[in-house]
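Numbering starts at 1 and runs along the sequence shown. A quick note: this is a predicted structure, and the numbers were derived from the prediction, not measured.
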Amino acid sequence: AITIAEAVVAIEGSLEPEHCAVDERRCAERDFPCGIHDTWRAVILGLNEGLSSLTLAEALIRHESNRAKAEGLEPLVT
């Protein structure tokens, strides 16, 4: 039931969309947003959404299915 997002946060730290891409400050700590703020925020929100919708178990099943296909075998689960 652990999502990829939970695993990434446990290893890497926050996937917070308000963390500035330019330096270590949060965007709220700035007098004005940096030039890539809106784009960076959208990317991080999309990344969070995608990684939150996939569990480690599902990723492993996909991996094994892709491996089987690459080896010319019929995947057990699709």
Side-chain angles (χ1 to χ4, degrees):
I2 297 170
T3 67
I4 299 295
E6 292 169 328
V8 169
V9 168
I11 294 167
E12 296 293 329
S14 176
L15 287 174
E16 177 187 7
E18 296 304 319
H19 187 270
C20 187
V22 176
D23 60 31
E24 295 301 315
R25 293 183 286 176
R26 295 182 78 244
C27 293
E29 296 169 355
R30 299 179 160 282
D31 293 334
F32 57 90
C34 70
I36 64 170
H37 173 79
D38 293 336
T39 301
W40 183 253
R41 186 174 191 285
V43 166
I44 295 300
L45 288 172
L47 179 67
N48 277 326
E49 183 178 325
L51 296 179
S52 294
S53 68
L54 181 65
T55 66
L56 291 172
E58 292 165 337
L60 181 58
I61 290 168
R62 287 181 185 180
H63 175 81
E64 290 302 318
S65 177
N66 291 342
R67 183 189 57 75
K69 289 177 188 175
E71 295 175 357
L73 304 172
E74 188 68 31
L76 297 174
V77 180
T78 57

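Closest approach of Leu54 to Arg62, counting heavy atoms only: CD1-CZ, 3.6 Å.
For residues 39-57, the set of pairs meeting the salt bridge (charged side-chain N to carboxylate O under 4.0 Å, His left out) definition, not counting sequence neighbours, comprises Glu18-Arg41.
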Name every donor-acceptor pair, under 3.5 Å, that has one atom in a side chain of residues 27-39 and the other anywhere in the protein, sequence neighbours excluded.
{"unit_1": "Glu29", "atom_1": "OE1", "unit_2": "Arg26", "atom_2": "N", "d": "3.2"}
{"unit_1": "Arg30", "atom_1": "NH2", "unit_2": "Asp23", "atom_2": "OD1", "d": "3.1"}
{"unit_1": "Arg30", "atom_1": "NH2", "unit_2": "Asp23", "atom_2": "OD2", "d": "2.9"}

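With sequence neighbours left out, the side chain to side chain contact (heavy atoms under 4.5 Å, CB included) criterion links Ile2 to Glu6, Leu56. Judged as a side chain to side chain donor-acceptor pair (under 3.5 Å), and not counting sequence neighbours, the contacts of Thr55 are Glu58. The side chain to side chain donor-acceptor pair (under 3.5 Å) check on Glu71 picks up Arg67, with sequence neighbours excluded. Not counting sequence neighbours, the partners of Val8 by the side chain to side chain contact (heavy atoms under 4.5 Å, CB included) test are Ile4, Glu12, Leu15, Leu51.
Atom CG of Asn48 and atom OG of Ser53 lie 11.0 Å apart (nearest 0.5 Å).
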